[in-house]
Amino acid sequence: MNAPPTFESFLLFDGEKKITKEQDTKVPNAAVFTINKEDHTLGNMIRQQLLKDPNVLFAGYKNPHPLEHKIILRIQTTSDYTPQDALMNAITDLISELSLFEERFKECLREKQDG
């Protein structure tokens with residue numbers, strides 16, 4: 001079979017970074033983040049969270065190729081807010097939302113099992 005080994009989709013190789021950042025020179029207050037070993041699931045969640053932030057002017061992502069396990073995230077912010085701060089805040093908010101979701105799910109599961 002010509003498919004790459006499945007472990008390549010989630011294991012970082014030696015010296016490979018999870019996230020790299022490049023400053024966008026054509027657009028003010030913009031940066032391009034490459035997130036390795038991730039796909040549309042995380043890309044769309046981060047994009048949606050970024051778009052909730054009023055200081056984020058643009059947030060978009062793409063998966064360059066189905067066999068490449070990375071997403072490219074482009075963020076543009078207002079002049080008093082950096083794209084890196086926006087990404088960190090979005091990730092922090094996502095973690096909080098997912099923790100709350102997990103807590104409520106477990107609570108409903110316990111109620112279902114008890115009742």
Side-chain angles (χ1 to χ4, degrees):
M1 189 181 228
N2 290 335
T6 55
F7 68 86
E8 286 185 7
S9 66
F10 57 88
L11 287 179
L12 289 172
F13 297 114
D14 290 337
E16 189 176 22
K17 292 183 178 181
K18 184 68 174 178
I19 300 178
T20 58
K21 175 190 169 191
E22 293 177 38
Q23 202 65 30
D24 193 338
T25 57
K26 297 178 182 176
V27 181
N29 296 329
V32 177
F33 298 89
T34 302
I35 306 174
N36 287 311
K37 308 301 182 191
E38 295 298 343
D39 59 6
H40 290 289
T41 304
L42 187 67
N44 194 37
M45 285 186 355
I46 292 174
R47 181 187 65 86
Q48 283 294 110
Q49 194 67 39
L50 283 164
L51 291 174
K52 291 179 183 178
D53 189 337
N55 292 312
V56 174
L57 302 175
F58 175 82
Y61 80 96
K62 66 179 178 179
N63 184 348
H65 190 274
L67 293 178
E68 284 185 63
H69 302 288
K70 68 179 179 180
I71 56 173
I72 298 172
L73 181 67
R74 182 179 302 273
I75 304 170
Q76 182 183 7
T77 59
T78 57
S79 59
D80 55 338
Y81 197 53
T82 67
Q84 188 167 350
D85 289 341
L87 181 59
M88 291 301 294
N89 289 339
I91 291 170
T92 303
D93 292 346
L94 265 176
I95 290 170
S96 297
E97 282 187 28
L98 290 172
S99 294
L100 180 62
F101 175 77
E102 179 185 23
E103 182 182 314
R104 288 181 179 172
F105 180 81
K106 286 180 179 178
E107 183 179 312
C108 288
L109 193 60
R110 278 192 299 272
E111 287 175 7
K112 190 78 170 168
Q113 289 173 344
D114 293 339

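- Crowding of Lys17 atom NZ: a count of heavy atoms from other residues, nucleotides or ligands under 6.0 Å not exceeding 12.
- Counting all heavy atoms, side chain and backbone alike, Lys62 lies closest to Pro64 at O-CD, 3.7 Å.
- For Gln48, the CD atom is densely surrounded, since the number of other residues' heavy atoms within 6.0 Å is greater than 12.
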**Report entry** Step-by-step salt bridge (Lys or Arg N to Asp or Glu O under 4.0 Å) determination, Lys52 to Glu97
**Finding:** CA-CA 13 Å; Lys52 291 179 183 178; Glu97 282 187 28; 3.6 Å; yes
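- Here the shortest heavy-atom pairing between Asn29 and Ser79 reads ND2-CA, 2.8 Å.
- Inter-residue side-chain proximity for Leu12 and Asn36 is flagged as met; some heavy-atom pair is nearer than 4.5 Å.
- Distance check, rounded to the nearest 0.5 Å: CZ of Arg110 to CD of Glu107 gives 6.5 Å.
- Between Thr78 and Leu57, some side-chain heavy-atom pair lies under the 4.5 Å cut-off.
- Looking at every heavy atom in both residues, Gln49 comes nearest to Ala90 through CG-O, 3.4 Å.
- A 6.0 Å sphere centred on CG of Asp114 holds more than 12 heavy atoms belonging to other residues, nucleotides or ligands.
- Proximity of Asp39 to His69: side-chain heavy atoms (C-beta onward) are nowhere separated by under 4.5 Å.
- More than 12 heavy atoms of other residues, nucleotides or ligands sit less than 6.0 Å from atom NZ of Lys21.
- The same ILVMFWY cluster, assembled from side-chain heavy atoms under 4.5 Å apart, contains both Met45 and Leu73.
- Within a 6.0 Å radius of CZ in Phe101, no more than 12 heavy atoms belonging to other residues, nucleotides or ligands are found.
- Side chains of Tyr61 and Asn44 form a contact here, defined as non-hydrogen atoms less than 4.5 Å apart.
- Transitive grouping of hydrophobic side chains (ILVMFWY, heavy atoms separated by less than 4.5 Å) keeps Ile72 and Phe10 in distinct clusters.
- Remark: side-chain polar atoms of Glu16 are paired, donor with acceptor, to backbone N or O of Phe13 under 3.5 angstrom.
- With Glu22 contributing its side chain and Ala31 its backbone, the two residues share no donor-acceptor pair below 3.5 Å.
- Note: Asp80 CG to Asn55 CG = 6.0 Å, rounded to the nearest 0.5 Å.
- By the 4.5 Å heavy-atom criterion applied to side chains, Ile46 and Ile35 are counted as neighbours.
- Residues Phe33 and Leu42 fall within the same hydrophobic cluster, defined by Ile, Leu, Val, Met, Phe, Trp and Tyr side chains chained together at heavy-atom separations under 4.5 Å.
- The residues Glu8 and Lys37 are annotated as not salt-bridged, no charged nitrogen and carboxylate oxygen being separated by less than 4.0 angstrom.
- If you take CD1 on Ile71 and OG1 on Thr41, they are separated by 9.5 Å, rounding to the nearest 0.5 Å.
- In this structure, His40 and Asn63 have side chains that are in contact, with non-hydrogen atoms separated by less than 4.5 Å.
- Under a hydrophobic clustering in which Ile, Leu, Val, Met, Phe, Trp and Tyr are joined whenever their side-chain heavy atoms come within less than 4.5 Å, directly or via other members, Val56 and Met88 fall into different clusters.
- Using a 4.0 Å cut-off between charged side-chain N and carboxylate O, Lys106 and Glu111 make no salt bridge.
- Note on Leu98: it clusters hydrophobically with Leu50, by side-chain heavy-atom contacts below 4.5 Å among ILVMFWY residues.
- Looking only at side-chain heavy atoms (C-beta outward), Tyr81 and Asp53 come within less than 4.5 Å of each other.
- Contact annotation: the side chain of Glu38 approaches that of Lys18 to within less than 4.5 Å [non-hydrogen atoms, C-beta and beyond].
- Between the side chains of Asp93 and Ser96, no donor-acceptor pair is found at a separation under 3.5 Å.
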